[in-house]
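So the structure is just underneath, and the comments pick up after that.
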2 protein chains.
Amino acid sequence: MCLLSSPIFGLMSNIIAQRPRFTEKSPMSSAKLAKLDRTDLRILQALQGNGGLSNQQLAEAVGLSPSPCSRRVQKLEAAGIIIKRETVLDARKLGLDLTVMIQISMDRHTPERFANFEEKVASFPEVQQCYLVTGQDADYLLKVVVPDIDAYQHFLLNQITRIDGVSGVHSSFVMRRVVDTAALPLNYVEP
Amino acid sequence: MCLLSSPIFGLMSNIIAQRPRFTEKSPMSSAKLAKLDRTDLRILQALQGNGGLSNQQLAEAVGLSPSPCSRRVQKLEAAGIIIKRETVLDARKLGLDLTVMIQISMDRHTPERFANFEEKVASFPEVQQCYLVTGQDADYLLKVVVPDIDAYQHFLLNQITRIDGVSGVHSSFVMRRVVDTAALPLNYVEP
DNA sequence: GCAGGACGCGCAATGTGCTTGCTTTCTTCA
DNA sequence: TGAAGAAAGCAAGCACATTGCGCGTCCTGC
């Protein structure tokens, strides 16, 4: 029992109705969309590729002197376009060898249940991602990192399934990470 | 038709057999597991929380003077425990309003098909994640970011479904991001 | 129990890089 | 075509990261 169903080409219309269309200039979208020129996009692209770049390296990469480059980065941070810098660690080298994608379905779709579930899930350090999604198989999609199967079993039994409203759980174990990046497709963003 | 099936408590034994057990000290695991003291873990924890910390701020956060703090970070980077720094951008502010989780199943599980699929997928900037997973529903789990439904439809029809071997596609649209971080559960890592 | 060695922290100095004020240049609009 | 705004480049001041060195501590071996 899930919120919305989305087979490969079914029921897309209600999604379209819910999402703002950014091809037309509504007041809401124009307020969120910032004006960026090609230099800004090149800065973002370079920073996405390597967040550890120094200002000098970044300036050289985008063809600018360090001063305006630093100023632009500060503006992008103040505008909220650059949210934060993250440090990516090697899970294997830390003994965290098991990554699991979990589909969770709820028995009742009341706001209280959802809020309670999200609050609990957000407090678990094992949870790297938790998305509320459409689809007939699940309401939530979680990405969880644990050391091994034993730890996962404990996490599933003592944490996840104890949350009120959780009715269905399906686990998929990650065998290989083909792509894993936070980089956005900036080619869609036009100056 | 998928590689492995993993209902909630079924067929976990084959996974256990494939994964090295880190409770026992095998040569392979000891080679990967680095020795970290509490100070190292506090550094990693602090850097995970805020990758933009300066060395001075980090030193103060972990109760160290800047010199040994910088030295420890260098060691952690050289050891590969710190993989990279990432810059996280606001997708909404860039007009990238649609995030989709895609389950993909392959018709034939030959290494050539898989290698070809992974090579193609890795070249798409829309793909943020691509994991090879167990489970009866899919072989690959993808996370894709696009501006809107139109762009997603184009991406699905012209890119994904054109790859040899792709037999099934199921899309789940992300409605809300409850948790989205790269932070690992360092509480499992013991000094 | 004592001596030797190694590891790691803290201090100081140096070099590098970041940042801010100012001038110049380019662009845009009237 | 002229004027105004914005943005880039230059220079200086300053803060920060980094490296060498001395000291203390812990562990080890005799």
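Values in this document were obtained by computation on a predicted structure and should not be read as measured data. The chains referred to below are lettered A, B, ... by the order of the sequence lines, with proteins before strands, and numbering in each begins at 1. The analysis underlying the following values was restricted to heavy atoms, covering all of them including side chains, and did not include hydrogens, waters or symmetry mates.
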Please report the distance, rounded to the nearest Å, between [atom1] in [X] and [atom2] in [N].
{"X": "Ile43(A)", "N": "dA7(D)", "atom1": "CD1", "atom2": "P", "answer": "12 Å"}
{"X": "Lys35(B)", "N": "dG8(C)", "atom1": "NZ", "atom2": "C1'", "answer": "14 Å"}
{"X": "Glu60(A)", "N": "dC18(C)", "atom1": "CD", "atom2": "P", "answer": "12 Å"}
{"X": "Leu58(B)", "N": "dC9(C)", "atom1": "CG", "atom2": "P", "answer": "13 Å"}
{"X": "Lys75(A)", "N": "dT19(C)", "atom1": "NZ", "atom2": "C1'", "answer": "15 Å"}
{"X": "Asp37(A)", "N": "dC26(C)", "atom1": "CG", "atom2": "P", "answer": "17 Å"}

Applying side chain to side chain donor-acceptor pair (under 3.5 Å), can you list everything that pairs with Asn187(B), at least two apart in sequence or on another chain?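 Applying side chain to side chain donor-acceptor pair (under 3.5 Å) to Asn187(B) gives none.
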Show me the pairs that pass side chain to side chain donor-acceptor pair (under 3.5 Å) and involve residues 115-127 of chain A, at least two apart or across chains.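 The answer is Asn116(A)-Lys120(A), Glu118(A)-Tyr140(A), Glu118(A)-Arg176(B), Glu126(A)-Tyr188(B).
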With sequence neighbours left out, what residues match Arg85(B) under salt bridge (Lys or Arg N to Asp or Glu O under 4.0 Å)?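 With sequence neighbours excluded, Arg85(B) shows a salt bridge (Lys or Arg N to Asp or Glu O under 4.0 Å) to Glu77(B), given in chain and number order.
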Residues forming a salt bridge (Lys or Arg N to Asp or Glu O under 4.0 Å) with Asp164(A), sequence neighbours excluded: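 Partners of Asp164(A) by the salt bridge (Lys or Arg N to Asp or Glu O under 4.0 Å) criterion come out as none, since no residue qualifies.
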Quick one: bend of the helix from dG1(C)-dC30(D) to dA30(C)-dT1(D) from 5 pairs per end, to 10°?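 The value is 40°.
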Taking the basic N atoms (NZ, or NE/NH1/NH2) and the acidic carboxylate oxygens, is any pair closer than 4.0 Å for Asp37(B) and Arg72(B)?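 Result for this pair is yes, salt bridge flagged.
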salt_bridge(Asp107(A), Arg113(A)) N-O dist < 4.0 Å: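 Yes, this pair counts.
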All N/O pairs under 3.5 Å across the protein-nucleotides 17-20 of chain D interface:
| residue | atom | partner | partner atom | Å |
| --- | --- | --- | --- | --- |
| dA17(D) | OP1 | Asn55(B) | N | 2.5 |
| dA17(D) | OP2 | Gln56(B) | N | 3.2 |
| dT18(D) | OP2 | Ser70(B) | OG | 2.5 |
| dT19(D) | O4 | Ser67(B) | OG | 3.4 |
| dG20(D) | O6 | Arg71(B) | NH2 | 3.1 |

Donor-acceptor pair between Ser167(A) and Arg108(A) side chains, under 3.5 angstrom: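 Per modelled atom types, Ser167(A) and Arg108(A) side chains form no pair under 3.5 Å.
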What I want to check is whether the side chains of Tyr131(A) and Lys143(A) have a donor and an acceptor closer together than 3.5 Å.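 Note: Tyr131(A) and Lys143(A) side chains miss the donor-acceptor criterion.
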